[in-house]
Amino acid sequence: MSQKILIHRDEIIVRVAELGREITAYYNGEPLTVVALLNGGIFFAADLIRNIHGSDVRVDSFAASSYENDTSTGKLTIRGQLKLPVENRHVLLVDDILDTGKTLETTMAYFRSLGAASVRSCVFLKKMLDPSKPPRTVNVNWYGFEVPDLYVIGYGLDSRESFRNLPDVCVITQEE
Ligand code: IMP
Ligand code: MG
């Protein structure tokens, strides 16, 4: 098995800084809680948060899944709770990749139920959906890069929990 770089670390740095500027301008100093979705979102979140400026930016993390045995249940199973109250604060959820969107959709609904002033999302990668697949019922507010419908690893993205530590986004290729 070998890996081919799809997005180089240098491109990531430039794009994350750009997203940080857009998000900073958007919230314009309003109280903001950035929530990193574990585990995949922490790499992107750590870089992004250092590019978001404001005097009331808080950071928290959350772990949940809406899947059971690879099937979306629509019911959120929480594995790691928030530490900070989000009532009346703007919440920005940060995740690694938007695939079907089920996890993000269910998580956003949960944060709305906690009384957040607003719930928005920023994902590092947005997968191009194959037209044969059902359309997504959630959209993201910001994303770093759009990628083809391939399995990608690195910069937080795993394959069976490995490869999150790769500094570039890669595609696994078979060795000839
Ligand atoms: P969704 O609910 O289908 O959008 O699931 C998104 C989650 O699936 C992400 O947070 C990832 O953990 C995982 N995922 C989807 N596509 C990939 C991929 O290409 N590489 C690694 N993980 C992926
Ligand atoms: Mg994940």
Side-chain angles (χ1 to χ4, degrees), residues 1-9 11-13 15-16 19 23 33-49 59-82 86 91-114 116 119-175:
M1 191 195 88
S2 61
Q3 296 142 16
K4 187 174 145 274
I5 295 181
L6 190 67
I7 309 169
H8 190 272
R9 66 197 80 174
E11 280 179 82
I12 297 175
I13 292 171
R15 182 65 187 132
V16 171
L19 281 172
I23 292 168
T33 302
V34 184
V35 178
L37 300 182
L38 303 177
N39 292 328
I42 60 171
F43 299 76
F44 174 48
D47 287 341
L48 180 67
I49 290 161
V59 180
D60 207 341
S61 61
F62 186 73
S65 162
S66 63
Y67 283 83
E68 252 165 48
N69 306 322
D70 286 346
T71 312
S72 174
T73 57
K75 188 178 132 273
L76 205 63
T77 307
I78 299 172
R79 289 179 282 114
Q81 274 290 357
L82 282 178
V86 292
V91 169
L92 178 65
L93 297 177
V94 177
D95 204 2
D96 52 0
I97 190 165
L98 183 74
D99 188 11
T100 65
K102 290 291 175 203
T103 308
L104 193 64
E105 186 173 13
T106 324
T107 306
M108 287 179 87
Y110 173 73
F111 275 80
R112 284 193 196 98
S113 78
L114 296 179
V119 183
R120 290 189 173 79
S121 60
C122 180
V123 296
F124 175 54
L125 302 177
K126 180 173 161 175
K127 258 193 197 183
M128 281 176 209
L129 261 195
D130 189 296
S132 66
K133 291 185 180 167
R136 291 185 186 110
T137 49
V138 67
N139 216 340
V140 289
N141 299 92
W142 294 274
Y143 65 90
F145 300 90
E146 195 162 43
V147 291
D149 196 356
L150 296 172
Y151 202 84
V152 290
I153 53 172
Y155 197 68
L157 292 140
D158 72 301
S159 172
R160 297 189 186 151
E161 295 302 328
S162 293
F163 305 112
R164 294 193 197 273
N165 56 319
L166 296 178
D168 311 295
V169 174
C170 300
V171 195
I172 296 172
T173 54
Q174 299 302 325
E175 251 163 340

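What you see below is based on every heavy atom in this structure, not just the backbone, and it leaves out hydrogens, waters and symmetry mates. Remember, it's 1-based here, ligands and their atoms both numbered in the order they're listed.
- In this structure, SG on C122 lies 5.0 Å from CG on L19, to the nearest 0.5 angstrom.
- Between V152 and ligand 1, at least one pair of N/O atoms sits closer than 3.5 Å.
- Judged by the shortest distance from any of its heavy atoms, G40 lies outside the 4.0 Å radius around the atoms of ligand 1.
- Ring geometry for F62 versus Y110: interplanar angle under 30°, hence parallel rather than tilted (30 to 60°).
- Between I153 and ligand 1, no N or O atom pair is found at a separation short of 3.5 Å.
- For ligand 1, the atoms sitting less than 4.0 Å from at least one non-hydrogen atom of D96 are 9 (C), 10 (O), 11 (C), 12 (O), numbered in the order shown with element in parentheses.
- Between L6 and the options V152, D168, I153, a side chain to side chain contact (heavy atoms under 4.5 Å, CB included) holds for only V152.
- Using a 4.0 Å cut-off to heavy atoms of T100, the atoms of ligand 1 that qualify are 1 (P), 2 (O), 3 (O), 4 (O).
- Across all their heavy atoms, E11 and F145 have their closest contact at O-CZ, 3.7 Å.
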Item to complete: For the pair E161 and N39, evaluate side chain to side chain contact (heavy atoms under 4.5 Å, CB included) and give the outcome as yes or no after the intermediate values.
Response: CA-CA 9 Å; E161 295 302 328; N39 292 328; 4.1 Å; yes
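- Ligand 1 places these atoms under 4.0 Å from at least one heavy atom of L150: 19 (O).
- Distances from atom 6 (C) of ligand 1 to the heavy atoms of I97, D95, V138 show the closest one on I97.
- Close approach to Y151 involves these atoms of ligand 1, each under 4.0 Å from a residue heavy atom: 17 (C), 18 (C), 19 (O), 20 (N), 21 (C), 22 (N), 23 (C).
- Close approach to D158 involves these atoms of ligand 1, each under 4.0 Å from a residue heavy atom: 21 (C).
- Taking the six-membered ring where the residue is Trp, F43 and Y155 present tilted rings, their angle falling between 30° and 60°.
- Remark: distances from the non-hydrogen atoms of K127 to ligand 1 include one below 4.0 Å.
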Query - Criterion side chain to side chain contact (heavy atoms under 4.5 Å, CB included) on I49 and V94, from CA distance to verdict - result: CA-CA 10 Å; I49 290 161; V94 177; 5.9 Å; no
